[in-house]
Structure formats: structure tokens, C-alpha cells
Number of protein chains: 2
Amino acid sequence: MNLDTAINKMKSKGYKHTKQRERILEIFSRQDQYIAAKTILKEIQKDFPGVSFDTVYRNLYLLADEEILESTDLDGEKHFRFHCDTHGHHHHFICTDCGKTKAVEFCPMEKIESSLSGYAIDNHKFEIYGKCPQCQT
Amino acid sequence: MNLDTAINKMKSKGYKHTKQRERILEIFSRQDQYIAAKTILKEIQKDFPGVSFDTVYRNLYLLADEEILESTDLDGEKHFRFHCDTHGHHHHFICTDCGKTKAVEFCPMEKIESSLSGYAIDNHKFEIYGKCPQCQT
DNA sequence: AGATTAATCGTAATCATTATCATTTAAAGA
DNA sequence: TCTTTAAATGATAATGATTACGATTAATCT
């Protein structure tokens with residue numbers, strides 16, 4: 001997923017193209033990491049001083065619904081990142097210092113499904129936390 | 001882990017035995033599920049109408065630090081459950097209807113460590129969400 | 001350009017959580 | 001048992017993230 005793809009996807013879905021929304025997407029397109037909603041808000045405010053909380057949060061959730069972003073809870077705050085669809089289903093290592101992520105291709109679900117017969121599995125979360133090579137002392 | 005074990009552990013650590021703290025532990029000892037902090041607060045208030053938020057939250061975090069409870073973020077809220085130490089390291093299926101959990105013995109970490117050489121892994125989260133047999137229509 | 005409708009703004013409200021500090025109480029020793 | 005003392009609690013306020021909403025603006029269509 002890149003910026004143009006994301007913009008086109010929104011357009012094809014009938015959403016309007018706004019400066020604020022483009023700026024949000026632009027921020028994510030430059031970063032391979034999860035970013036807190038409030039961080040995005042602060043960033044957008046540099047370009048659009050009067051931007052509303054509502055605009056930012058509404059867009060983040062909309063973009064996540066449209067699978068342009070993906071989200072996770074970190075430290076009780078919603079974080080978002082560009083959806084990576086270049087490879088298949090995967091998980092992430094997340095650096096607790098800089099926030100950068102590394103894709104982990106292995107998914108444990110197939111290993112455990114047999115132990116959950118009778119349970120209806122809707123989704124799952126597998127994340128690894130630590131320090132990336134650059135953030136180790 | 002059971003109620004008496006938990007109480008003794010707190011005592012041996014030098015913490016005082018209070019009615020409020022015992023009540024918190026008692027609630028958890030009856031439930032094999034994650035419970036939201038605010039749910040605990042409401043429950044405690046039935047017995048101790050004037051109980052402070054602080055008391056509840058402080059105790060939950062203290063008990064989690066002492067590994068008497070374990071915690072996770074669900075829907076942006078902290079949830080806690082009795083720490084299960086009858087078996088080794090494991091993960092949980094969590095029913096999104098009733099909140100009950102089922103232990104999943106498989107841990108994916110050993111499968112992926114080789115793909116994260118150079119990364120310092122601190123911890124990880126693996127949770128499966130869905131409906132338990134009792135909560136399916 | 002005008003109409004339509006989504007999107008935004010401005011602001012307030014909500015909700016969970018954290019902080020502060022005076023007071024109370026449990027537990028250890030005299 | 002009485003005293004001490006440090007931990008724990010209560011009452012309340014503050015914070016921080018998120019959500020809500022009516023009025024206004026702006027993007028797209030004809």
C-alpha cells in the first residue's frame with residue numbers, strides 16, 4: 001500500500017478527497033510504524049491549526065474500516081499504521097522505543113485450532129515487543 | 001492460585017491485609033475470566049459504598065506487579081484476571097461475549113525467534129478472541 | 001454555477017484512569 | 001493491651017484520550 005493507492009481506494013469508495021485526510025495518509029505513508037492517534041493529531045495541527053479532534057479520530061477509524069490503516073492498542077492508546085498488503089497475513093514485532101515494526105510471517109493460529117474445537121474464533125492478536133537493533137544501547 | 005495462596009503471598013511480602021483488598025481478591029478467585037477495572041470498582045462499591053477509585057486501581061496494579069493477577073488491554077480498558085500458575089507459560093482464548101477464558105498451551109515465540117535475530121525481545125502478546133461453546137447461538 | 005451531501009469545525013461531554021493529601025487502620029513492638 | 005508507624009484508604013480534583021453534536025464549510029455532481 002502506498003499513498004496513491006490509498007487515495008484512489010478512498011475515491012473509488014465514494015469518499016471525498018480532503019486536504020486533512022490526505023495529510024493523514026501522507027504521514028502514515030512515510031512511516032513503517034504504529035503511531036498514536038494523539039500523535040497524528042499533533043502532527044496535523046502543524047498544517048491545519050484549527051483541525052478538530054473529531055476530524056482526526058473519525059478519519060483514523062474510517063481508514064481502518066476501509067483497511068487502509070490497521071490499528072492496535074498499545075499502552076491503552078489506539079495506534080495506527082499503514083496496512084501492509086504486499087505480503088499475506090502476518091504479525092509484527094514492535095519496538096517499544098522508536099515504534100518501528102518488523103513483519104513476522106509466522107502465524108500461530110493453525111497450530112492451535114485443534115485445541116479449540118467448539119470455540120468460534122473471530123480474530124486474534126499476536127505481537128512481539130522489544131528493542132529493534134537501532135534502539136539497543 | 002487460589003484465594004488463600006494469594007492472601008498469604010501478599011502477607012509474606014509485607015503488605016497489610018485489608019477488607020477491601022481481600023474483597024478484590026475474592027472476586028477474582030471466583031471467576032476464570034478477565035474483568036474490567038471499572039467492573040471491579042462497581043462490585044466493590046456494593047460492599048464498600050465509599051471505596052475510592054484509587055484504592056481499587058492501586059490494588060489492581062499492585063496485585064498485577066506481584067503476579068497474583070495478570071492483565072491485558074481489551075477495548076482500550078485494562079482487564080485483570082487471577083494469575084494461573086498451575087501450568088506453565090501459556091496464552092488465552094477470550095470469549096468476547098461472557099469474558100470467560102480458556103488456556104492455550106502453545107506459545108509461538110520459539111517458532112519466530114530465529115527471524116528476529118538482532119532484536120531484543122522483551123515480551124509478547126498472543127490472544128485469541130471469539131465465542132466460547134456456551135455463547136454461540 | 002448551483003445543489004447536494006459528505007466532511008469539518010468548535011466546543012462540550014464522557015469515560016477511564018491517575019494524582020494528591022489528609023485521615024484512618026493494620027500490624028509490630030513495648 | 002497500648003503505642004507507634006508506616007501502609008492503606010477516602011474524598012476529591014485533575015488529566016488525558018476519546019466521543020458527540022449542531023452549525024458551517026467544501027468537495028463533487030449535474
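Per chain, numbering begins at 1; letters A, B, ... match sequence-line order. Only this structure's heavy atoms are used, side chains among them; waters, hydrogens and symmetry mates stay out.
Spacing between atom NZ of Lys78(B) and atom P of dA17(D) amounts to 15 Å, rounded to whole angstrom units. For the pair Met10(A) CE and dA27(D) C1', the interatomic distance rounds to 13 Å; values are reported in whole Å.
A distance of 9.0 Å separates SG of Cys95(B) from OH of Tyr119(A), quoted to the nearest 0.5 Å.
Listed by chain and residue number, Cys84(A), His87(A), His92(A), Ala103(A), Glu105(A) satisfy the side chain to side chain contact (heavy atoms under 4.5 Å, CB included) test with His90(A) (two or more places apart in sequence, or in another chain). Annotation: salt bridge (Lys or Arg N to Asp or Glu O under 4.0 Å) contacts of Glu70(B) (sequence neighbours excluded): none.
Contact check for Phe93(B) versus Ser115(A): no side-chain heavy atoms found under the 4.5 Å cut-off.
Judged purely by distance below 3.5 Å, without hydrogens or angles, the side chains of Asn8(B) and Thr5(B) never pair a donor atom with an acceptor atom.
Between Tyr34(A) and His79(A), the distance from one ring center to the other does not fall under 6.0 angstrom. In summary, the aromatic rings of Phe80(B) and Tyr61(B) are positioned with their centroids under 6.0 Å apart.
Non-hydrogen atoms lying under 4.0 Å from DNA chain D are contributed by Lys16(A), His17(A), Lys19(A), Ala37(A), Lys38(A), all within residues 11-42 of chain A. Near-neighbour residues of DNA chain D inside residues 56-76 of chain B, defined by a heavy atom below 4.0 Å, number-ordered: Arg58(B), Asn59(B).
With axes fitted over five pairs at each extremity, the angle between the ends of the helix from dA1(C)-dT30(D) to dA30(C)-dT1(D) is 30° (10° resolution).
Chain A approaches DNA chain C over the interval dT5(C) to dA12(C), counting the first and last nucleotide 5' to 3' with an atom under 4.0 Å from its heavy atoms.
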